[in-house]
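Computed over heavy atoms, backbone and side chain alike; hydrogens, waters and symmetry mates excluded.
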Amino acid sequence: MTFGLHDYLCFVIFILTVGKLQGKSQVPVIEGVVKSQDGRQKVHGNEGKSLTVTCTSELDMITLMYNNTDYNETTLNNGSYSVNFTIIAVRGDDGQNITCHAVNSTDGEEYETWAVIYLSLKPTDIRLEGVGTVEENDNVTITCTSTGSRPAPDWMALWIYTTFENKTLTVLYDNITDTYTASITFTRQIIMTNLSFTSFNNGGNFYVHYGPDIDQVYLTGRTSGNEGYTETYKCSTGYTNPNATIHWFNGSVEIFPPQPPDVIKHNTQNTLYIGKSFSSSQEWKIKFSRYHKGTVIKCVVLGTNNNSVTVTKTISDIYYKPELEITGHQLIDNVTGHYIINEGETLNLTCELLGANPMTTVAFSSPGTSGSTTASLIITDIQYHHDRDQFTCSSVNSVGTAYIYIVLDVQYGPHISYGYKNIVEEGGNITIECRVESNPPATVWWEKEGDNSTSYNGNMLALTSVSREQGGAYICFAASYRKYENGTKEVLSNETYIVGVQYGPGSSIRLSPNVTSLELDTGTHVPVIRCIADCNPECQYTWYFTSGMIKSGSELNLGNASSYWHIGEVKCKAENNVFRTEYTAHITFTMYIRHPPSIDEVDTNSINWYSEGSEIQVTCDVKSYPQANITWYRNNMEVITPDTYYTNATTTCQYDCSTKGVLTIKHAACLDHRSHYTCNAENIMGKTAMESRNGVSIQCHARPAHDNVYNFTLREGEGINLTATYISIPSPYVSWYFRHAPTSNNISLHVDSPGGRQDNIYYRSDYEIKYLRNYDFGQYLAVGNNYVGNVDSTIIFNIFEDTTIPAGWPLRPFGLEVRCTENSAEFSWISAYNGGSNQTFTAYYSWFKPGNNIKGPEEIADTGEGTRIKVHIQPLDTGYPFFFTVSSRNINGMTESDAYVNCNTSKTETSSPKSREQKSSSNAGVIAGAVIGAILFIVVVAVIVFIVAKRTQKVKGNVKFADLHLSFYKSKD
């Protein structure tokens, strides 16, 4: 049997002996019974333990009865039947009867046996006396008593804390209850901190009061730190019984922390004892301030019997970050903390370092300054863009950084954006925004200039279905209230916006003065007339005249009246453009200008050709106001011959009068060709005349204009130009013939082909004889003809020889020859008659073609009529063609040769005379010219042979071929 041991715990051991009862096999047997001295059968058990009772029999009908309960569930084992029950034994089961009943099923015989339950009992009471509350080190007497046990305890033991106390056991028997009482007693000094003893369910406790212990009481917490830091000081009591109290002092002043102490109850338990004690701790939180420096923090722990322990800590130093202050500005917003300043003012602030541990410096952000204890910020002429600017005053030490943020609240405005012009078409809608910048925000409203009754609230001006009367100036007003130290003040601004209502002229166009027509004399002043219309934008004015003239501008200032430009309807057009839509209006008046006649044209219809005797009309278009009368002139002579001419005129008048006059030539004559007719027009304002630009065109056959026979007497060597003048339209072809006598045959000399020109009535054909020889005297015929009528018209020229020789100019040199080398030329000619006085010669040459002559040798002496004179001309450029000629001079004048000769300097060659009008050409031209020249040369030779043959019959003596010189070219003169 095992017992538990505890502090101050007593226990008793009981031993029960149960006898075993035996019966016969026919009689039921309760197993495990013990017969006592008094003869009773007992079933032994232990209080609080499990107890099983079994009854056996050879009979199968067995019933076990206990405490009014029958148990009859039998089992067969080895030929015997048994029944049992099990209970947990309690003190009340002690002495109770158990009955086992068996029945023989064969004969019905009943058998029965019984027994009594006998239990070993626990003590009913274990009492510890002499324990309670004591002070540590007191002497106490302790008794441990056990009552109501069966059997009596064999021994008892007492533990105080962990010390075993074994004393003499005293035992007493109670025959009534059949139980035993046992006890032990001892005395000792209590030195333990806590004593308690428990045996079974009973026990006693010593409550020992003690503490606090100076070695167990302590105070924690820092003695220095940064300002604002919350330091926790903790005071702990150590182990005490009962619980000790904690008292705090700040110097001599007791402090009561808001949180109560934290009390812990300690229980220590094992198989022998239970220990109990208390420990407490309390925190006091202190937020460090610079003023705590030197403060003594005291904790007093008060225990049993007024025992106390005191512990302390002294705060040595408190560190704190810089403290700053801004001065120099008085007006600060109570809500935002912003510094209020007006536009244009000067900001002047000082930042001061009030304190710091450890000490440091102070600085203002740009554009401020820095210093050991002060810094400044100065901004002159504050502008609106400084609004909400932020500046910082700062100071830094090891504890931290201090800032003061300065935000400017710049009061400005109201500033109103520039008032621009706003355009709207009449009938349209327009919204104008008045943009206002202001701090504090401004109240905005509109008023129409000159109309105080019209007002609009807000910064948006909205006009709908705008009329032109709503155009004009609108004033945007903005008012704000600035804060000042002594209150608020209103600041008012305004800006004018123009609303331009655009509209076209409509029916508003008019003239000033209001005229419908004007009648003026040409050249007189035309009154100034203005064209007016109500337009926006302003109309552009254009004046249109019947004449096609166009003028611009509202004011029509024509100056003096013009019969050409100003006559007729004058229209004024007013126009403008409204949002890309063109609007126009018109108004007209009429101008009548009295003026002399003006003739547009006198037309002879010159593109038509008329035959002699035809009827021809000449027209004249006249403009005048009033109507003009027309008279006609032919070649400046008034036409009044009714049998040759007649006239008529038709007139129409509107703004001006147009008269068309007609002159009719009844029978056109040849002399009327290219006649000019003059139209003369006249009215009350004056007169004017115009000659026809071209004459009438009349065709007629060729006829002599004057005599048809002419006689001339000349000497040999002289020259003559024979002129035949014809009236002929178109110009005739004139053929020249020569016959030595009226009975001789005609020799064709020359054909003059003008090409049928029709610009002149008279046509002149010339035939020039430059040097008369004795065979040149005779009759010359000029025969004219055109394609009109096919009629020949002949003019006769008789040239008779004058045998006297008068003094005069020298005759032309002839017989020109030239020979070229690489860079020079040998030029020669034959001297002619000197005109009766000494003559000299001058040679000329030119490059490439005749003309632009360069003088060669001058004052070359005459060697006698009929002799050849030679000159040498150099230097000349190699590889070029050169042309040569010569002139003769005496006291009466100079005569040039009518021929030239040419050669190339690239090789030696000679040249025969050529006309001055013949020009050089390219190689192809030279070849073609050579062919044509050959043909002409044959013809010329044949003619010369014929003439020589004829004339040699009458010339005395021999005639050298070189003396015979004929030219078919006109003289330069």
With salt bridge (charged side-chain N to carboxylate O under 4.0 Å, His left out) as the criterion, how do Arg290 and Glu323 come out once you've worked through the C-alpha distance, each side chain's angles and the decisive distance to 0.1 Å?
CA-CA 12 Å; Arg290 68 195 67 181; Glu323 284 189 354; 2.5 Å; yes
Which heavy atom of Lys483 sits nearest to which heavy atom of Gln411, and what is that distance?
N-OE1, 2.7 Å
Write down the atom of Ser236, the atom of Val301, and the distance for their closest heavy-atom approach.
O-CG2, 4.5 Å
Would you please indicate yes or no on a ring centroid separation below 6.0 angstrom for Tyr384 and His415?
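They qualify: ring centres under 6.0 Å apart.
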Testing the basics here: between Ile318 and Tyr320, what is the closest heavy-atom pair and its distance to 0.1 Å?
O-CD2, 3.9 Å
Tell me the closest heavy-atom pair linking Gly504 and Tyr583, and the distance in Å.
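Closest approach of Gly504 to Tyr583: CA-CB, 3.7 Å.
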Where the side chain of Ser480 meets the backbone of Asn439, is there a donor-acceptor pair that is under 3.5 Å apart?
no
Is the NZ atom of Lys234 crowded by more than 12 outside heavy atoms at less than 6.0 Å?
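No, NZ of Lys234 has 12 or fewer neighbouring heavy atoms, counting only those of other groups under 6.0 Å.
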Any donor-acceptor N or O pair under 3.5 Å, side chains Asn243, Ser280:
yes
With no hydrogens and no angle check, do the side chains of Gln282 and Trp248 hold a donor and an acceptor under 3.5 Å apart?
yes
Backbone N or O of Thr392 within a donor-acceptor pair of the Ser365 side chain at under 3.5 Å?
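It does hold such a pair.
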Is there a donor in the side chain of Lys285 and an acceptor in the side chain of Thr232, or the other way round, less than 3.5 Å apart?
yes
Using the side chain to side chain donor-acceptor pair (under 3.5 Å) rule, pick out the option among Thr141, Thr145, Thr143 that qualifies with Thr185.
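In the set Thr141, Thr145, Thr143, the residue that makes a side chain to side chain donor-acceptor pair (under 3.5 Å) with Thr185 is Thr143.
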Could you point out which residue of Pro322, Ser370, Cys351 forms a side chain to side chain contact (heavy atoms under 4.5 Å, CB included) with Val362?
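For Val362, the side chain to side chain contact (heavy atoms under 4.5 Å, CB included) check succeeds only for Cys351.
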Interatomic distance, Lys313 atom NZ to Thr295 atom OG1 [nearest 0.5 angstrom]
14.5 Å
Closest approach of Gly413 and Val491, non-hydrogen atoms and distance?
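Scanning both residues completely, I find the closest heavy atoms to be O-CG1, 3.4 Å.
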If you take all heavy atoms of His329 and Ile341, which pair is closest and at what distance?
CE1-CB, 4.1 Å
Establish, from distance only, whether the side-chain atoms of Asp381 and Gln383 form a donor-acceptor pair under 3.5 Å.
yes
More than 12 heavy atoms of other residues, nucleotides or ligands under 6.0 Å from CZ of Phe278: is that the case?
yes
So for atom CD, which belongs to Gln390, do other residues, nucleotides or ligands contribute more than 12 heavy atoms lying within a distance under 6.0 Å?
yes
Kindly state whether the ring of Trp445 and the ring of Phe477 have centres lying under 6.0 angstrom apart.
yes
Taking atom OH of Tyr456 as the centre, report whether more than 12 heavy atoms of other residues, nucleotides or ligands fall under 6.0 Å from it.
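Yes, enclosed.
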So Tyr420 and Tyr497, would you call those rings parallel, tilted or perpendicular, with 30° and 60° as cut-offs?
perpendicular
State whether the side chain of Thr373 and the backbone N or O of Leu353 hold a donor-acceptor pair below 3.5 Å, judged by distance alone.
no
Check the side chains of Thr374 and Thr350 for a donor-acceptor pair under 3.5 angstrom, ignoring hydrogens and angles.
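Absent: no donor and acceptor within the cut-off.
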Taking atom CD1 as the centre, does Ile88 end up with more than 12 heavy-atom neighbours from other residues, nucleotides or ligands that are less than 6.0 angstrom away?
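Yes, the 6.0 Å shell around CD1 holds more than 12 heavy atoms from other groups.
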Just checking Phe579: does its CZ atom have more than 12 heavy atoms from other residues, nucleotides or ligands closer to it than 6.0 angstrom?
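Correct, the count exceeds 12.
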